[in-house]
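Before any comments, here is the structure.
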Amino acid sequence: MRRVLLGAAMLSGIWVPQGALAQSNDEKAADGGLAEIIVTAQRREESLQKAAIAVTAVTGNDLVRSGITETSNLGKLVPALVVQPTGGTTSFFLRGVGTNSQNSFSENAIAFNFNGVYVGRPTAPAGVFYDLERVEVVKGPQGTLYGRNATGGAINVLPKKPVLGHFSVEGLAEYGNYDSKKGFLALNLPIGDAAALRIAGQVVDRDGYISDGYDDDKGEAVRASFLLKPSDLWSITFVGDYYHQGGKGTGSVLLPNGNFAVPSLNDRISVSDAPAVAAINGYASKLFAPPFCAGGFIASGCIENAGKDGYLDNNFYGLSAQIEGDMGFATLTVIPAWRKSEADFRTYLPGFRGEILDNAEQMSLEARLTSANDQRLRYVLGAFFFNEQQDTLNYFRQGRLSTTRFTPLLKTQSLAAFGQLTFDLTDGLRLVGGGRYTREDKSQLTASVSGGLPGPVDPPLGAPITGDLTFTKFTWKAGVEYDAGSASLLYANVATGFKSGGFFVASPPNNSFAPETLTAYTVGAKNRFFGNKLQLNVEAFYWDYKDQQVTFVGGVRTGNGVFAQGSLTTNAGKSRIYGAEMDARFAATRDDLFNLNVQYLNGKYNSLQTSNFSPTGAPVSTGCTVTGTRLANPGINGARFYDIDCSGKPTVNSPKWAVNVGYQHSFRLGGDMALTAGVRSNIESSRFTNANYRPEEKQGSFMMSDAFLTLEGPQDEWSVTAFINNIEDKEVLARAGTRPILDFPVGTLRPPRTYGIRVGFNL
């Protein structure tokens, strides 16, 4: 790894967007230095270099040039962020903090916000990555200004707003390998002097990266924004959006293991394709099967192979308004919002069939009072209301040996009041303090059942169970900021985060989990030197993570009293995470931009005890210590629990080293045209992808690089870009897990080498 890191530091011809990531046209000031980037990560407009928090801002132009149209690819542009596809849902991990979202009970530990609106469902952060101003990723607990489910941080996706008095048309068309086709169009239409309408849409259609067509990307999205500004003091912006997600969805491949030979990862063979099925059948035929599985697991139908009939048919809707008024002493912001997700998908991501119907509807209201920036005492005061209702059906089928079905009706209501104050002790020294009080109520009405030979395969649902939970918590932040110079900021703070408890699918009394909390200690510095040509930001942090919620596949008691395999969440772990991050950018000339980001992360579970569940009683592979075993269903079947202790293991999705480095250069051509060339590289050390710590599920060190060449016309009226991503064509795990019962590892891969051409215009 040391050789890899040394090589990264020596790469002078590679470009990676970091910090306030943007292309040269976005980042360069008129004098050739680095431009000022404005963010709203602390609920007020401020320079990124004056924001005393760890935040990465990615501009909309950079997202376009990187070809990002789906959430799962965002991680390649943001340090410390790991985006993990999980069937029809998405899991986020920031600096080792996150949750595996595996069914309708799941909630992320990283708050996802679109257009200032918190999005509750892990299925819903989709179809929003077009026509954007920027994406802000805030690292560390955001228990004061964001609150709900922001234990590890927050992701803010900010779309472009209508512009008064300006008519414009923007468009983009792209074609690449895997028959990738993308089209985007946006229209900004002024309506008189006080109103404007912006309409944007995108269509994406790409074949799958693995055989059988999985890992594809198909969807249609449209967004309409209407701005009404009757005076300089008041405005209201209405936003409506719709997205349909289709295709086959995320797939998986067999991972190399010591039990049987599998197809090469280079070939990206789906678990449902003939070579993988043949390998699985050969392996399964040698395993001992129960008497009622005569002929073997596969031949008897006790275990079914993954199918080719996976699909996504998801629809997402949103309506919101943002009302802003200048009250003289402060600005009032009110954001009422409604969102609805209709998820309908079949996935074989874990190696077996999962079918989910999840209809979720949420309503929220946030009101904030933000003082002016020129006051000695500045504040953000607010209140938040959130209400969500879910009506779902989850069905998981291993084969005739094991089925699980449950139908949760879930309700969540969250109320919070919050405030953050900044006080100037002197012209350069400030104190910061804030707090948030949250009350969260959850209820469920859930019927469940497990089936399988020698009993009925698909028995009727058991009697529904009910449950009510209430959680209250005060989270806070305290810090100090010091301007060491006109372009140098020093800061230190302590901040806390909170994620409420909840239910998982099981019969009471063991069907709920407690809240988790995180306390973060941070010191940092943000600096610019040499007339804004060099930027150097550094931060060190220590996180204390308690009552950590860990989601894994284990044994859950169903409505008929039988333990079956299912996804459960438990407060099984606590951890400590510390590290440091350095971000440097250097505008050597008006045409040259260098970037280097290095992150060191050391995460360890001080305590992590869980239980693997085996429907047949056979041992389950694990990289942890097995401390005991016991029967799960005495007198019914041979299912067993295997208690495991993973204490001392590194936190999941936490590469110890992550290096992003890059370079770009612009060639000035005649006729006010420019040719910009750049390359970027992401280098990471090894990491485990889940909390079972099987060695096969560990991603080793890797390096992935992208390159582009863009010809731009006068005033950026048009552009033509040739691009290539993952030049090394490296196979990198996005997630991994174990196929239950047969006990072999499967994984999902990040995209392979892709290339194409992109044509855009802006009139």
Side-chain angles (χ1 to χ4, degrees), residues 41-42 51-55 80-81 92-99 107-111 137-155 380 414 416-422 431-440 471-481 490-502 513-524 538-550 569-581 599-608 647-654:
Q42 296 194 98
I53 56 174
V55 56
L81 176 66
F92 299 110
F93 290 81
L94 261 174
R95 291 178 173 172
V97 176
T99 303
E107 294 182 306
N108 275 314
I110 310 299
V137 179
V138 191
K139 305 165 193 173
Q142 303 300 313
T144 301
L145 294 178
Y146 292 86
R148 187 167 199 274
N149 293 355
T151 312
I155 300 171
V380 178
S414 183
F418 60 90
Q420 182 165 302
L421 308 178
T422 301
L431 296 180
V432 178
R436 186 184 191 104
Y437 178 80
T438 301
R439 175 190 169 101
E440 195 151 301
F471 306 98
T472 60
K473 184 67 175 179
F474 179 77
T475 48
W476 52 272
K477 176 181 179 179
V480 60
E481 304 171 7
L490 304 178
Y491 63 91
N493 60 62
V494 182
T496 62
F498 158 75
K499 181 170 180 256
S500 71
F513 53 92
E516 66 177 17
T517 60
L518 191 150
T519 302
Y521 306 87
T522 303
V523 294
V538 294
E539 181 183 89
F541 55 90
Y542 182 93
W543 292 0
D544 185 11
Y545 201 178
K546 294 182 178 179
D547 298 319
Q548 185 175 354
Q549 298 167 6
V550 177
T569 301
T570 181
N571 298 92
K574 60 180 180 179
S575 60
R576 61 101 182 106
I577 304 169
Y578 64 84
E581 183 173 346
Q599 178 176 266
Y600 171 76
L601 188 64
N602 190 312
K604 184 178 73 172
Y605 290 108
N606 294 327
S607 174
L608 179 58
S647 301
K649 296 289 187 180
T651 50
V652 170
N653 284 316
S654 303

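Just so it is clear, the structure is predicted and the values come from calculations on it, not from any experiment. These values consider heavy atoms only, across backbone and side chains, with no hydrogens, waters or symmetry-generated copies.
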Q) Can you name the residues that form a side chain to side chain contact (heavy atoms under 4.5 Å, CB included) with A41, not counting sequence neighbours? A) I53, V55, E136, V138, Y146

Q. Between G502 and F471, which heavy-atom pair has the shortest distance, and what is it?
A. N-CZ, 4.0 Å

Q | Point-to-point distance, once rounded to the nearest 0.5 Å, from NZ of K499 to OG1 of T438 | A | 14.0 Å

Q | From CG (N149) to CD1 (I110), nearest 0.5 Å | A | 9.5 Å

Q: Kindly compute the distance separating CD (Q42) from CD (Q420), expressed to the nearest 0.5 Å.
A: 5.5 Å

**Q.** Residues forming a side chain to side chain contact (heavy atoms under 4.5 Å, CB included) with V380, sequence neighbours excluded
**A.** R43, R44, L145, R368, T370, F418

(Q) Applying salt bridge (Lys or Arg N to Asp or Glu O under 4.0 Å), can you list everything that pairs with R576, at least two apart in sequence or on another chain? (A) none

**Q.** Sequence-distant partners of Y600, ring-ring contact (aromatic ring centres under 6.0 Å, His included), two or more places apart
**A.** W657

Q: Name the orientation class of the two ring planes belonging to Y578 and Y542 (parallel below 30°, tilted from 30 to 60°, perpendicular beyond 60°).
A: parallel

Q) Got a second to check how far R436's CZ is from T496's OG1, nearest 0.5 Å? A) 11.0 Å

Q. Residues two or more places apart in sequence or in another chain: which of them pass side chain to side chain contact (heavy atoms under 4.5 Å, CB included) with S575?
A. Y545, Q548, I577, Y605, T651

Q.
Determine whether T570 and Q549 satisfy the following criterion, side-chain hydrogen bond (donor to acceptor under 3.5 Å, both in side chains), listing intermediate values before the conclusion.
A. CA-CA 5 Å; T570 181; Q549 298 167 6; over 6 Å; no

Q: Report the residues that fulfil side chain to side chain contact (heavy atoms under 4.5 Å, CB included) with A52, sequence neighbours left out, ordered by chain and then residue number.
A: E481, L489, Y491

Q) Would R148 and E107 pass as an ion pair if we require N to O under 4.0 Å? A) yes

Q. Taking atom CZ of R439 and atom OG of S500, what is their separation to the nearest 0.5 Å?
A. 12.5 Å

Q | Non-hydrogen atoms of L94 and W543 that approach each other most closely | A | O-CZ3, 3.8 Å

(Q) As a quick check of understanding, evaluate side-chain contact (heavy atoms from CB on, under 4.5 Å) for V480 and N493, giving each step before the final call. (A) CA-CA 6 Å; V480 60; N493 60 62; over 6 Å; no

